[in-house]
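Shown next, in structure tokens, is the structure this report addresses.
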Amino acid sequence: MRLKIKTRSGEKFQAYIIERENSIEVKVGDETIKFSFIRTPYNDFIVQDENGEKYRITPIFLSKFERVFEVDGKAFVTEIATEDESEDSEDIAIIKSSFSASIRKVYVSKGAHVKKGDLILDVESMKMINSIKSPIDGIVKEVYVSEGKSVSAGEKLVVIEKEIKSV
Amino acid sequence: MQRKPIEKVLIANRGEIALRILRTAKELGKKVVTVYSPEDRGGLWRFLGDESYEISNYLNLEEVIDVAKKSKADAIHPGYGFLSEREDFAKACEDVGVIFIGPPPSAMYMSGDKVVARRKAQEAGVPIVPGSEAIDDPKEALKIAKSIGFPVLLKAAGGGGGKGMRPVYHEDDFLELFRQASEEAKAAFGDPRIYLEKYIQEPKHIEVQVIADQYGNYLYLFERDCSLQRRNQKVIEESPAPHLPHPVRLKICESAVKIMRQIGYVNAGTVEFIVDKDWNFYFIEINARIQVEHPVTELVTGIDIVKWQIKIAEGEKLNISQEDIKINGHAMELRIYAEDPFGNFMPSGGFVSLYKEPNIPGVRCDGWLYSGCFVPSKYDPMLLKLIAKAETRDETINRLLVALDELRIQGIKSNVPFFKFVLNHPVFRKGEINTWSMGPILEEFNKKLLEDSKLKRHLLALGAYIAGKIPVIETYVSYDGLLAQEVRSNGKSAGAGVWRKIGWKFAGRSQPRLR
């Protein structure tokens, strides 16, 4: 299995993983490490590398984009690469809901000019209102939601594109 | 005064507090009625009571009263939040002859209206923070803010819990923050009015638990320090308050009782104070209900507060004297929430694939999760309260760390990693926490997360691979609303997408609604 991984500090790399009966082989670059493992009743994996170094890995969370786990009680987050990763660049801001929520207020409409920091939406989740502000100066290309609508995690809300000024 | 044994208690709440009350009510030999919303059809409290009824919404006063009539319950325990501090609800209970387990409507009115509560505190000779009456006009509010002097604190007139609360440091930000606070207050309590207070720098939040019977007997169960807060929501609570000089402790506790006496309070309630660096304390508000953090007081005093709530409502007299109540050891509570500590603590509901509580002497888990349950995003994201007691504060913290090591919540994100960080933080270990401490601690936490990703890549990849093994449940829905579930594991669908093949629509990764 191939995993494309992005760390929290922004490093990207690929890993090749083969699971065998009592071991898991992980290849990153030219280096392959073989870990033997025991699976605990609570889904923890106690792994040991060839030098006898032991780690306890506890799975916590899995989504299409993200994996969270603990190594020896310390939490780590990795992002798993997806196809539409290239969409998000400095010229276009795709505002997505990072959790399921309901839309309280929509401040912009399609075609509106916005400045960085302008209010775009108020979303409510678990009784908390969060104001979403524009990350860039630009034009609102698309508004996918309306007031009162419920959205789920990862859903696109608004797309803002940088204005291209003709010289 | 009434002395009437309660036979059947209706619990008008959900989650951990519904279970907490249910257990004590059963212990006292009462029959128990519970309610649940459509989102909570899988809630444990639905199955553990003697009767349970579906209602559309926990805030719907009429529906709850209807259930009380239908089930012939003779008392209602409102828990915290929802209808717990609604005077009209307490009155509605009275009107249909049901005992409301809580303060009388008059005391609820005086504590619920913060402006009246402040006046009563002054009458009782207890100092208050300089501030204003409830206002709805932002321009008028700005004028008053200028006269008090910045920084000021905006607070919702209609309720507590930090909803609608905003500090304002500069005049220029005032109108925008007032608008936000007012919107949030309206969403949470249906009342957009805001009042202002002088903002005290680096304050501690210390509150006193009081219980009072119907015969004018008042007891204080000492204090809780709830200074570690994020966005004005309590995160960790403990008792006793670290470093609090004992003479000040007695003065605060006695002041709390004075205020409660002044308003004729009955049943369990909490008086909140703000305490400055020189241990000057000011009254802030009364919480006329059982509080989330009541277990820390129960653990250090040995008094079951919910049990006394029921007994007091039945007309029983307090048979304990103030001298008998002692603080024994140190207790601390962690509020474990379904929120993403790596993503700005955004709420994160979903399907819990595995749940296991630590079973350790001196540790108490007040929660409601089970393996396979669904955490709806509609409600407050609290999953459980992990509470520990030991002889000293240091031992209590260590005990919590051991407990966290055995707690397993898989499938959803929670703030457990943050607690592991805080409990080891030198400032926290020293007990030098005020309500402003969270900012710098969070900053360090986020920095640490970046450093941590320098872990060897092979191990990171292995961890990501192992996290990929968590089972996920996918829900499919047919054109006529039938539901089907598929368990996916390691990226593969157990049924190989059979539902999708026959034209059913993918409805999300979660648990379907139970019927």
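The structure displayed is predicted, hence computed values, not measured ones. Letters go in sequence order (proteins before strands), and every chain restarts at 1. Keep in mind that the numbers below use all heavy atoms, side chains included, and drop hydrogens, waters and symmetry copies.
Checked by atom type and distance alone, the side chain of A:Arg104 never pairs as donor or acceptor with a backbone atom of B:Ala187 at under 3.5 Å. At least one donor-acceptor pair closer than 3.5 Å links the side chain of B:Gln410 to the backbone N or O of A:Tyr42.
Within the 4.5 Å cutoff, the side chain of B:Leu459 has heavy atoms near those of the A:Ile57 side chain. Side-chain contact between B:Arg457 and A:Thr7 is absent, with no heavy-atom pair separated by less than 4.5 Å.
Judged as a salt bridge (charged side-chain N to carboxylate O under 4.0 Å, His left out), the pairs with a partner in residues 409-418 of chain B (not counting sequence neighbours) are, in order, A:Glu66-B:Lys413, B:Asp340-B:Lys413.
The distance from the OG atom of B:Ser353 to the CG atom of A:Asn43 is 7.0 Å, given to the nearest 0.5 Å. Separation of atoms OH (B:Tyr465) and OH (A:Tyr16) is listed at 15.5 Å; rounding is to 0.5 Å. A distance of 8.5 Å separates CD1 of B:Ile466 from CZ of A:Phe69, quoted to the nearest 0.5 Å. Put simply, CD on A:Glu25 and NE2 on B:His458 are 11.0 Å apart, with the number rounded to the nearest 0.5 Å. Separating the OG1 atom in A:Thr58 from the CD1 atom in B:Ile409 is a distance of 12.5 Å, to the nearest 0.5 Å.
Interface summary for chain A: among B:Gly411, B:Pro417, B:Gly463, the most heavy-atom pairs under 4.5 angstrom belong to B:Gly463. Contact tally against chain A (heavy-atom pairs below 4.5 Å) for B:Leu404, B:Leu354, B:Val416, B:Asp380: the top residue is B:Leu354.
The salt bridge (Lys or Arg N to Asp or Glu O under 4.0 Å) test applied to B:Lys186 returns no partner, not counting sequence neighbours.
One finds no salt bridge joining A:Asp49 and B:Lys456 here, because no Lys/Arg side-chain nitrogen approaches an Asp/Glu carboxylate oxygen to under 4.0 Å. Salt-bridge annotation for A:Glu19 and B:Lys469: present, with a side-chain N of the basic residue lying under 4.0 Å from a carboxylate O of the acidic one.
The two residues B:Ala461 and A:Ile5 come nearest to each other via the heavy atoms CA-CD1, 3.6 Å.
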